[in-house]
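Here's the structure, in structure tokens; my notes come after.
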Number of protein chains: 2
Amino acid sequence: MKEEFEMNPKENIHPIEAPAGLRERKKRLAQAAIEEAALRLFQQKGYEQTSIQDIADAVTMSSRTFFRYYASKEEVLSGPIRSTQLDGIRYLLEAEPPASPHAALQSVFGYLASQYEKQRPGLVLRYRIAGQTPSIASLFLYTLMEAEPALCDALCSRLETGADRDEVRFLVAVYMAALRVSIEEWLEQGDDADLVNVLHRHMDRLSSMPD
Amino acid sequence: MKEEFEMNPKENIHPIEAPAGLRERKKRLAQAAIEEAALRLFQQKGYEQTSIQDIADAVTMSSRTFFRYYASKEEVLSGPIRSTQLDGIRYLLEAEPPASPHAALQSVFGYLASQYEKQRPGLVLRYRIAGQTPSIASLFLYTLMEAEPALCDALCSRLETGADRDEVRFLVAVYMAALRVSIEEWLEQGDDADLVNVLHRHMDRLSSMPD
DNA sequence: TAATATAATGTCACTGAGTGACAAAAGTCA
DNA sequence: TGACTTTTGTCACTCAGTGACATTATATTA
């Protein structure tokens with residue numbers, strides 16, 4: 001069992017950060033350099049053929065230091081997905097009380113889709129690697145689904161009607177499935193494909209479900 | 001990238017096996033002994049605290065030999081889930097042509113639930129470990145979802161109406177989500193809980209979706 | 001049954017991920 | 001500048017997993 005919900009350095013930065021000392025700036029540069037080099041090498045040589053040492057060499061740091069920025073090799077790839085999911089949880093917590101579970105879920109997942117939409121190039125690359133590397137595909141699934149319990153909690157807490165916990169869990173899982181296949185579909189399409197649109201096509205058919 | 005769809009020795013056994021030589025019998029015993037020891041140790045000391053060497057010692061074999069039975073430490077845990085999913089694919093391929101996608105999916109997933117139902121004790125144990133070990137939770141998710149493409153293919157091929165591939169993919173994913181949360185719910189309940197029943201409660205609400 | 005072929009196991013040496021401990025270097029601030 | 005804190009590098013280590021090759025056990029056949 002590892003980091004579970006520990007955040008990586010990037011996520012700790014407060015949205016509007018003041019001047020920021022030299023130390024902070026160097027850390028961000030290092031983090032960015034690692035990510036850049038890692039993605040480049042994964043593309044060039046393949047994920048499994050790229051060692052931490054290769055990445056460390058590429059950015060001239062010790063491999064020990066790599067692990068001070070990323071808890072594992074995998075985390076370089078999953079970071080953006082995880083933080084997007086966390087955004088979704090925050091979004092739901094801050095949203096106005098929903099009219100119905102379906103309305104709330106359409107809203108959060110629509111928001112998530114719009115967030116993923118902004119990251120297309122990075123996601124294309126990441127999912128291409130996932131397609132060739134089961135352990136990464138597995139990680140991405142987990143990273144998506146990991147947010148479900150928090151989403152359930154958030155939704156239940158904002159629903160005045162005492163909704164059945166298990167039903168909410170089911171609904172969240174179903175919408176998550178919709179998001180997941182929408183992302184897959186969207187990434188297979190051309191660069192001008194519209195994720196929000198793909199997701200809505202699927203979600204519309206869900207909202208006719210009886211509560 | 002590892003074995004992908006390679007089968008472990010157990011799965012290669014033909015259902016009705018004739019006498020079976022000494023070699024075969026020894027292999028099955030070894031495999032069973034490994035699984036037994038591994039599960040016992042995982043329970044006692046925790047998954048991550050148990051090394052391959054510990055398992056090998058417990059059954060008096062070299063750790064090299066462990067890897068001739070299981071491609072990885074994880075595989076000891078995921079094996080039964082994977083083979084159950086494969087059963088589901090086979091079931092769908094051999095079933096009579098379905099009246100509708102929903103009918104077909106209710107049938108396969110009902111079958112899968114009934115298969116999982118038979119394995120409760122092992123699944124309780126495995127999911128307890130998954131709850132403490134993200135990499136295993138991740139693996140279980142993957143093992144479930146991994147069957148989706150094959151399920152889509154099987155379903156599409158048996159549907160006379162030229163169904164939209166993406167819609168079928170979505171439906172399969174949604175039913176898979178139902179199975180997944182049903183299993184989670186069922187494992188949290190008492191020993192006399194009924195998985196098939198839990199799943200049907202969820203699936204019934206799906207079948208009212210427009211195709 | 002003995003000789004031979006084949007399959008399973010053990011041994012050894014190796015790569016690579018990940019970690020703990022501690023010393024060296026760099027950034028911070030008075 | 002000097003004292004303090006954070007970051008980095010070094011080193012030694014554990015553990016998963018693999019390839020190569022010798023050894024042992026099972027299977028086959030004359």
Side-chain angles (χ1 to χ4, degrees), chain A residues 1-4 6 8-10 12-13 18-34 38 41-42 45-78 133-136 138-139, chain B residues 1-4 6 8-10 12-13 18-34 38 41-42 45-78 133-136 138-139:
Chain A
M1 182 151 54
K2 292 184 195 159
E3 8 73 73
E4 193 61 22
E6 177 191 315
N8 71 45
K10 211 177 211 169
N12 281 331
I13 305 168
L22 178 53
R23 235 174 223 170
E24 275 307 310
R25 266 178 293 145
K26 276 202 169 182
K27 265 168 61 174
R28 291 184 214 180
L29 283 179
Q31 174 118 1
I34 291 174
L41 289 169
F42 291 164
K45 325 197 320 176
Y47 177 77
E48 287 170 332
Q49 286 64 50
T50 302
S51 69
I52 304 293
Q53 192 56 57
D54 291 336
I55 300 169
D57 287 348
V59 296
T60 358
M61 63 168 50
S62 75
S63 62
R64 189 66 185 82
T65 297
F66 171 93
F67 288 109
R68 291 189 174 108
Y69 284 92
Y70 293 96
S72 68
K73 191 180 171 184
E74 293 180 340
E75 205 182 286
V76 181
L77 292 171
S78 68
T133 318
S135 67
I136 298 299
S138 166
L139 174 65
Chain B
M1 183 149 55
K2 289 180 199 160
E3 8 71 74
E4 192 63 21
E6 177 191 316
N8 72 43
K10 212 176 211 169
N12 282 329
I13 304 166
L22 177 53
R23 232 174 228 170
E24 275 309 308
R25 266 179 293 145
K26 276 200 168 179
K27 266 167 60 172
R28 289 183 214 181
L29 282 180
Q31 173 118 1
I34 291 174
L41 289 170
F42 292 163
K45 325 197 320 174
Y47 177 78
E48 287 170 332
Q49 285 64 50
T50 302
S51 69
I52 304 293
Q53 192 58 56
D54 291 336
I55 301 169
D57 287 349
V59 296
T60 0
M61 63 168 52
S62 75
S63 63
R64 190 66 185 86
T65 298
F66 171 92
F67 288 109
R68 293 189 173 108
Y69 284 92
Y70 292 97
S72 69
K73 191 178 170 184
E74 293 179 339
E75 206 181 285
V76 181
L77 292 171
S78 67
T133 318
S135 66
I136 298 300
S138 168
L139 175 64

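What's counted below: heavy atoms across the whole structure, side chains too, no hydrogens, waters or symmetry copies. The chains referred to below are lettered A, B, ... by the order of the sequence lines, with proteins before strands, and numbering in each begins at 1.
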Check: Would one find a side-chain N or O of K27(A) under 4.0 angstrom from OP1 or OP2 of dT7(D)?
Finding: yes
Item checked: OP1 or OP2 of dT8(D) under 4.0 Å from side-chain N/O of Y69(A) -> yes
Notebook entry, point to check: Of the candidate nucleotides dA21(C), dG19(D), dA16(D), which contains the atom at the shortest distance from the side chain of R64(A)?
Noted result: dA21(C)
Starting at atom [atom1] of [X], determine the distance to atom [atom2] of [N], rounded to an integer number of angstrom.
X	N	atom1	atom2	value
R25(A)	dT7(D)	CZ	P	15 Å
K73(B)	dG18(C)	NZ	P	14 Å
Q49(A)	dG16(C)	CD	C1'	13 Å
Y47(A)	dG16(C)	OH	P	14 Å
K45(B)	dT14(D)	NZ	C1'	13 Å
E74(B)	dA17(C)	CD	C1'	14 Å
R68(A)	dG18(C)	CZ	C1'	12 Å
F66(A)	dT10(D)	CZ	P	17 Å

Check: Can you tell me how far the OH atom of Y69(B) sits from the CD1 atom of I34(B), to the nearest 0.5 Å?
Finding: 6.5 Å
Next item on the list: With rounding to the nearest 0.5 Å, note down the distance linking CZ in F42(B) to CD1 in I55(B).
Entry: 4.0 Å
Notebook entry, point to check: Mapping F67(A) and S62(B) onto DNA chain C by nearest heavy atom, which one lands closer to the 5' end?
Noted result: S62(B)
Note to self: One pair to check against side-chain contact (heavy atoms from CB on, under 4.5 Å): R28(B) and R25(B). What are the steps and the verdict?
What the structure shows: CA-CA 5 Å; R28(B) 289 183 214 181; R25(B) 266 179 293 145; 5.9 Å; no
Next item on the list: Determine, stepwise, if the pair Y47(A) / E74(A) fulfils side-chain contact (heavy atoms from CB on, under 4.5 Å).
Entry: CA-CA 9 Å; Y47(A) 177 77; E74(A) 293 180 340; 3.4 Å; yes
Checklist line | N/O donor-acceptor pair under 3.5 Å between S63(B) side chain and Q53(B) backbone | finding: no
Check: DNA chain D: S51(B) or T60(A), which has the more 5' nearest nucleotide?
Finding: T60(A)
Item checked: Minimum heavy-atom distance between D54(A) and K45(A), given as atom pair plus value -> OD2-NZ, 2.8 Å
Next item on the list: Walk me through it: do V59(B) and F66(B) pass the test side-chain contact (heavy atoms from CB on, under 4.5 Å)?
Entry: CA-CA 10 Å; V59(B) 296; F66(B) 171 92; over 6 Å; no
Check: Could you write nucleotides 23-30 of chain C as a row of B, S and -, 5' to 3', where a protein heavy atom under 4.0 Å of any base atom gives B, of only sugar-phosphate atoms gives S, and otherwise -?
Finding: ---BBS--
